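I have placed the structure first, in the form of structure tokens, so that the comments after it can refer back to it.
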Amino acid sequence: NFIVPNRSFSENENRILELQLAGESTLAEEINQKQKQIDALQQLDGESAAEFKNRQLTLSAELLDLKNQQELLCKNLILIY
């Protein structure tokens, strides 16, 4: 059970919070993996500079989206509880 000063949680609230925290953990791992992909990115043989840049931008946009999802989830956790 989760403890917050001046607030007790019902069984359902605890379950929701556990699921949200699990979601945050999953997002954190996805962010970590996406960052590793970006760090390891190299231009492929026969790939133009523009194609490579497009892959970089795509991965960066995906990373930003994951970070935004994580931030939103964290804000919702703070607002709800």
Side-chain angles (χ1 to χ4, degrees):
N1 287 348
F2 295 95
I3 300 171
V4 174
N6 302 319
R7 176 81 162 90
S8 60
F9 295 97
S10 71
E11 188 174 321
N12 286 339
E13 288 174 320
N14 272 321
R15 184 66 186 136
I16 291 169
L17 185 55
E18 287 171 1
L19 290 170
Q20 289 175 324
L21 290 172
E24 196 281 331
S25 179
T26 299
L27 280 171
E29 181 57 31
E30 288 181 45
I31 288 168
N32 185 40
Q33 291 301 318
K34 190 64 67 177
Q35 186 62 58
K36 286 181 181 181
Q37 284 181 326
I38 291 170
D39 293 343
L41 194 62
Q42 294 184 6
Q43 191 166 354
L44 303 174
D45 288 337
E47 182 179 42
S48 71
E51 291 168 329
F52 176 65
K53 187 65 174 176
N54 187 47
R55 283 195 307 124
Q56 282 181 317
L57 292 172
T58 298
L59 288 173
S60 294
E62 291 170 0
L63 178 62
L64 182 59
D65 183 53
L66 288 169
K67 288 181 177 182
N68 287 337
Q69 288 177 43
Q70 184 182 43
E71 182 179 350
L72 182 60
L73 180 59
C74 289
K75 284 181 181 178
N76 285 337
L77 286 171
I78 291 168
L79 290 175
I80 294 170
Y81 299 100

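Since this is a predicted model, take the numbers as computed values, not measurements. Below, all heavy atoms of this structure are taken into account, side chains as well, without hydrogens, waters or symmetry copies.
- Atoms NZ and CD1, from K34 and I31 in turn, are 11.0 Å apart once rounded to the nearest 0.5 Å.
- Separating the CG atom in N68 from the CG atom in L73 is a distance of 12.5 Å, to the nearest 0.5 Å.
- Here the closest non-hydrogen pair linking E24 and C74 is CG-SG, 3.9 Å.
- Residues I38 and L66 are members of one and the same hydrophobic cluster, defined by side-chain heavy-atom contacts under 4.5 angstrom among Ile, Leu, Val, Met, Phe, Trp and Tyr.
- When all heavy atoms are compared, the tightest approach of E51 to G46 is OE1-O, 4.1 Å.
- E71 and K67 are not joined by a salt bridge, as no carboxylate oxygen comes within less than 4.0 angstrom of a charged side-chain nitrogen.
- Taking hydrophobic clusters as Ile, Leu, Val, Met, Phe, Trp and Tyr residues chained together by side-chain heavy-atom distances below 4.5 Å, L64 does not share a cluster with L59.
- A donor atom on one side chain and an acceptor atom on the other are not found under 3.5 Å apart for Q33 and Q37.
- Using modelled atom types, no side-chain atom of Q56 and backbone atom of S60 make a donor-acceptor pair closer than 3.5 Å.
- Note on L27: it does not cluster hydrophobically with L72, by side-chain heavy-atom contacts below 4.5 Å among ILVMFWY residues.
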Stepwise, does the side-chain contact (heavy atoms from CB on, under 4.5 Å) test hold for E47 with R55?
CA-CA 10 Å; E47 182 179 42; R55 283 195 307 124; 2.6 Å; yes
